[in-house]
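In this text the structure is predicted, and so the values were computed from the model without any measurement. Chain identifiers are assigned alphabetically (A, B, ...) following the order of the sequence lines, protein sequences preceding nucleic acid strands; residue numbering begins at 1 within each chain.
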Protein chains: 2
Amino acid sequence: MVSAHPASSRRDLAALIAPFNRALLAEEKQVLTEYGASMWEYIILTALREHSSSNQGQLAQRIRHDKSRIIADIDRLEARGLVTRSPGSDDRRARVIAITTEGDALQRTIQAAIQDREDTLLVAIPPEDRRALYRLLEAIHPMVTPRDNSHI
Amino acid sequence: MVSAHPASSRRDLAALIAPFNRALLAEEKQVLTEYGASMWEYIILTALREHSSSNQGQLAQRIRHDKSRIIADIDRLEARGLVTRSPGSDDRRARVIAITTEGDALQRTIQAAIQDREDTLLVAIPPEDRRALYRLLEAIHPMVTPRDNSHI
DNA sequence: TATTGTTATACTCTATAACTATA
DNA sequence: TATAGTTATAGAGTATAACAATA
């Protein structure tokens, strides 16, 4: 009897990526706990360092966070003086979120710690292989990131 | 003023892997919905094709599923005739889970469909780069998978 | 007393709908 | 009427504790 689907010798790509993803998140969470920030708070600070200031809704959309759940995160960041939330000058419904100097510094500190951990995790991978990995993942990134159509 | 942490030019590895992981899971879930299986059910079938039969607890441990949550999954797989659940011969507390011919066939069908989708997702990556990616991820896999200490 | 499978419960994350204030 | 932000609520997924049967 010949099977319609011969036993696959190859592991699912998802089965290779998922544990890697889990391990990276675990490392990241340890660092974040150290600095009293949540994953979403760190993602928000990182996004704000790239765009410096944006409306709350735009920000949520950019990082693919929920417009209703981002509120509490910004509340905490604001209370810690890491971001400011001010009413839009032209549209008084809008809230403009901007990162502060303290927020900027904290994001850098956390990111440096996270990348240190990532390097440690992959210390057994030769440098040129690691560079190849980054190059491949950067190439794949746009293929797996839903395009932002908000400008259309 | 010199910053303690200069702006990182590099993206976090987690920020590259997470969207990739999400995209792969989304593809996988579409296939699974087609065949009426949940992610955990597919993982269970895949694990059973590698080990053919095992105690419920050992199985849960191997796939890092919850020993209490695996119950409902096995209930459904058993009801569909994809696995059998029989009392252990030596230890009557234990339940031995074994995959059936139908279960084996379904896993192959689903896996083939999933890997087809994965190939489609990465169709723009040249074959040799894709091979390099798999090679790297296979090398990283043992570094990010918690070792099974159950035999100690 | 410890372990296998089971059930019940609580907790986190997420998704969605309803509300307000502006436009 | 539509939109930005907010609040409240319901759901999925997960983690944990308590229980019955067996060791």
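One atom, CG of Asp73(A), and another, C1' of dC13(C), lie 12 Å apart when rounded to the nearest Å. Rounded to a whole Å, the CD1 atom of Ile71(A) is 5 Å from the C1' atom of dT6(D). Atom CZ in Arg85(B) sits about 12 Å away from atom C1' in dT4(C), given to the nearest Å. Taking atom CD1 of residue Ile63(A) and atom P of nucleotide dT14(C), one finds them 11 Å apart after rounding to whole Å. Atom CG in Leu25(A) sits about 16 Å away from atom C1' in dG13(D), given to the nearest Å. Between the P atom of dT7(D) and the CD atom of Gln56(A) lies a distance of 10 Å, rounded to the nearest Å. Atom P of nucleotide dT7(D) and atom CD1 of Ile70(A) are separated by 14 Å, given to the nearest angstrom. To the nearest angstrom, C1' of dA17(D) lies 12 Å from CG of Asp66(B).
Using a 4.0 Å cut-off between charged side-chain N and carboxylate O, Arg11(A) and Glu138(B) make a salt bridge. Between Arg10(A) and Glu118(B) a salt bridge is recorded (basic side-chain N to carboxylate O distance below 4.0 Å).
Partners of Arg131(A) under the salt bridge (Lys or Arg N to Asp or Glu O under 4.0 Å) rule, at least two apart in sequence or in another chain, do not exist in this structure.
Comparing Arg95(A) and Asp75(B) by the nucleotide of DNA chain C that holds the closest heavy atom to each, the one mapping nearer the 5' end is Asp75(B). Between His65(B) and Gln58(A), it is Gln58(A) whose nearest contact on DNA chain D lies nearer the 5' terminus.
Side-chain proximity of Asp91(A) to the nucleotides dA23(C), dT7(D), dA15(C) is greatest for dA23(C). Distance from the side chain of Ser68(A) is smallest to dT6(D) among dT22(D), dT22(C), dT6(D). Here the nucleotide nearest the side chain of Lys67(A), chosen from dT6(C), dG5(D), dT16(C), is dG5(D). In this structure, of dA15(C), dT16(D), dT14(D), it is dT14(D) that holds the atom nearest to the side chain of Arg69(B).
The base of dT3(C) sits with one of its N or O atoms less than 3.5 Å from a complementary donor or acceptor on the side chain of Arg93(B).
The heavy-atom pair separating Ala47(A) from Leu59(A) by the smallest distance is CB-CD1, 4.0 Å. Scanning both residues, Ala113(A) and Val31(A), for their nearest heavy atoms gives CB-CG1, 3.7 Å.
For dA12(D), the OP1/OP2 oxygens have no side-chain nitrogen or oxygen of Trp40(B) closer than 4.0 Å. Contact annotation: Arg64(B) side-chain N/O to dT14(D) OP1/OP2 distance is not under 4.0 Å.
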